[in-house]
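Following: one structure in structure tokens, then a few remarks.
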Amino acid sequence: MAAQSMMNIGEEFTWTNCGADISKYANTRTITDYLKHVIGPAILSIENKIEEYEALGDAYAIFGVSDLQNVKRETLLAFSLGMQSLWERQFRNYLRQSASELKPNDKKFAERSKGPKWDDLEKLFEELRGVELKRFKSYYALNTLNRLGNAARHGDGYALQHLRKNNPELFPLANKFSNEAPLEIMQIHLKDFASAICSFWNEMELVRLRSLTARDTRISKAIEDLVTDINASFPLAAIGGNNGSSEAVNT
């Protein structure tokens with residue numbers, strides 16, 4: 001896939017901070033905890049069981065290994081949907097709270113945060129915060145995660161076909177003779193998606209801090225640390241395409 005040109009949120013960009021920019025503080029912890037304390041132990045448990053069956057080496061164990069490998073495959077796919085759902089709820093909650101605070105006299109803005117179309121949510125974000133979502137370094141990965149969530153929910157359809165075309169890393173069994181290889185989610189993909197979500201919220205926090213009218217050394221240090229963390233997140237390890245911009249976020 002040809003790399004798309006993306007801009008970063010430069011230090012010249014600021015906005016009017018609101019309560020939603022404060023209340024989002026737990027979003028990164030929720031994602032990292034889900035990855036560490038839910039996904040990690042679940043997959044490790046299945047892998048340990050697979051090793052037990054492989055150690056037995058009898059005919060029954062062979063079927064057990066095959067069954068558990070299918071369980072692992074479906075579990076990872078389910079976790080991709082779970083992670084996408086967490087991210088989408090976080091984003092919608094942010095939009096709804098921002099709309100209530102920034103557009104208190106127009107209830108339609110808050111109602112739009114409940115709409116079914118993701119493109120409309122992107123437009124709402126731009127109207128409320130004055131910046132396009134695609135300017136964030138994690139935009140491509142988050143779009144991929146959204147399509148993956150649709151594919152996990154609905155199976156074959158536009159989202160799956162788009163992934164086949166643009167994300168061959170999710171179809172390792174595909175070859176030039178067949179385009180019907182199954183979607184294969186690995187743990188490293190989930191780590192990349194978690195990293196992209198955290199990067200988004202870190203960049204949102206970066207804008208919040210830059211928008212403060214007064215900065216002390218503590219705020220300046222927090223900005224520097226966020227810039228380091230955001231830039232260290234890209235390129236992602238396993239999600240192809242444009243893993244953020246080649247340009248670094250600056251202080």
Side-chain angles (χ1 to χ4, degrees), residues 6-35 38 79-154 157-159 162 193-214 219 222-223 226 230 244 249:
M6 292 203 314
M7 300 173 64
N8 293 311
I9 308 297
E11 65 175 325
E12 77 283 352
F13 180 78
T14 59
W15 59 31
T16 299
N17 286 328
C18 63
D21 297 309
I22 301 295
S23 62
K24 65 173 175 38
Y25 76 94
N27 287 345
T28 54
R29 175 61 64 87
T30 298
I31 296 298
T32 55
D33 283 350
Y34 182 61
L35 183 69
V38 178
F79 278 139
S80 71
L81 175 57
M83 186 172 290
Q84 188 276 329
S85 296
L86 280 175
W87 146 245
E88 182 173 334
R89 288 199 300 274
Q90 289 178 348
F91 187 61
R92 286 179 182 274
N93 286 339
Y94 178 84
L95 290 177
R96 182 166 56 253
Q97 187 175 352
S98 296
S100 297
E101 295 179 62
L102 300 173
K103 302 288 185 179
N105 298 321
D106 192 341
K107 303 300 181 184
K108 291 181 180 179
F109 278 87
E111 284 299 314
R112 286 169 59 191
S113 68
K114 304 175 184 178
K117 295 183 178 180
W118 188 262
D119 286 348
D120 292 340
L121 297 181
E122 288 195 26
K123 292 176 183 177
L124 178 59
F125 179 82
E126 183 179 0
E127 289 176 38
L128 289 171
R129 304 318 267 136
V131 60
E132 293 179 290
L133 202 63
K134 65 178 62 176
R135 288 187 63 181
F136 288 77
K137 289 174 72 67
S138 56
Y139 180 77
Y140 176 86
L142 294 178
N143 255 2
T144 300
L145 178 59
N146 286 338
R147 290 193 174 92
L148 179 57
N150 285 333
R153 284 187 184 94
H154 307 300
Y158 173 78
H162 187 281
F193 289 129
S195 180
I197 296 170
C198 291
S199 174
F200 173 78
W201 292 118
N202 283 340
E203 204 158 358
M204 293 281 283
E205 176 66 5
L206 186 60
V207 177
R208 185 188 76 85
L209 293 179
R210 287 171 171 168
S211 300
L212 296 174
T213 55
I219 298 299
I223 289 174
L226 281 170
I230 293 165
V249 171

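Note that this is a predicted model, so its numbers are computed, not measured.
Listed by chain and residue number, K114 satisfy the salt bridge (Lys or Arg N to Asp or Glu O under 4.0 Å) test with E111 (two or more places apart in sequence, or in another chain). Residues meeting the side-chain hydrogen bond (donor to acceptor under 3.5 Å, both in side chains) test with D33, sequence neighbours left out: none. Taking the salt bridge (Lys or Arg N to Asp or Glu O under 4.0 Å) definition, one finds that R112 meets it with E127, sequence neighbours left out. Remark: Y34 engages no residue in a side-chain hydrogen bond (donor to acceptor under 3.5 Å, both in side chains) (not counting sequence neighbours). Judged as a ring pair (Phe, Tyr, Trp, His ring centres under 6.0 Å), and not counting sequence neighbours, F109 has no contacts. Taking the side-chain hydrogen bond (donor to acceptor under 3.5 Å, both in side chains) definition, one finds that D120 meets it with nothing, sequence neighbours left out. Applying the side-chain hydrogen bond (donor to acceptor under 3.5 Å, both in side chains) rule to E126 yields no partners; only residues at least two apart in sequence or on another chain are considered. Under the salt bridge (Lys or Arg N to Asp or Glu O under 4.0 Å) criterion, R147 pairs with no residue, sequence neighbours left out. Partners of I22 according to the side-chain contact (heavy atoms from CB on, under 4.5 Å) rule, which considers only residues two or more places apart in sequence or in another chain, are R208. For R92, the salt bridge (Lys or Arg N to Asp or Glu O under 4.0 Å) criterion is met by E88, not counting sequence neighbours.
For residues 97-106, the pairs satisfying side-chain hydrogen bond (donor to acceptor under 3.5 Å, both in side chains) are S23-Q97, Q97-E101, with sequence neighbours left out.
Considering CD1 of I31 and CG of L86, their distance stands at 5.0 Å, rounded to 0.5 Å. W201 contributes atom CH2, which lies 10.5 Å from atom OG1 of T30 (distance to the nearest 0.5 angstrom). Annotation: the span from L128 atom CG to Y94 atom OH amounts to 8.0 Å, rounded to 0.5 Å. In this structure, CG on L226 lies 10.0 Å from OG on S199, to the nearest 0.5 angstrom. In this structure, CD1 in I230 is found 9.0 Å from CZ in F136, a value given to the nearest 0.5 Å. Considering CG of N27 and CE of M204, their distance stands at 9.0 Å, rounded to 0.5 Å.
For L121 against L95, the heavy-atom pair with the smallest separation is O-CD1, 3.9 Å. Closest approach of A159 and A151 over heavy atoms only: CB-N, 4.1 Å. When all heavy atoms of T14 and V207 are compared, the closest pair comes out as CA-CG1, 4.5 Å. When all heavy atoms of L81 and G149 are compared, the closest pair comes out as CD1-O, 3.6 Å. Annotation for D21 and T16: closest pair OD2-O, 4.2 Å, computed over non-hydrogen atoms. Q84 and L145 get closest at one heavy-atom pair: CG-O, 3.4 Å.
In this structure, the side chains of L148 and M83 stay at 4.5 Å or more apart for every pair of heavy atoms.
Dense packing is recorded around CZ of R153, with more than 12 heavy atoms of other residues, nucleotides or ligands lying under 6.0 Å away.
Taking the centre of each ring, W87 and F193 stay at or above the 6.0 Å mark.
Of the possible polar contacts, one joining the S211 side chain to the W15 backbone as a donor-acceptor pair under 3.5 Å is found.
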Evaluate the criterion side chain to side chain contact (heavy atoms under 4.5 Å, CB included) for residue pair L133 and L142; output intermediate values, then yes/no.
CA-CA 10 Å; L133 202 63; L142 294 178; over 6 Å; no
So L102 and R129, side chain to side chain contact (heavy atoms under 4.5 Å, CB included) or not? Walk me through it. CA-CA 9 Å; L102 300 173; R129 304 318 267 136; 3.3 Å; yes
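A donor-acceptor contact closer than 3.5 angstrom links the side chains of E122 and W118.
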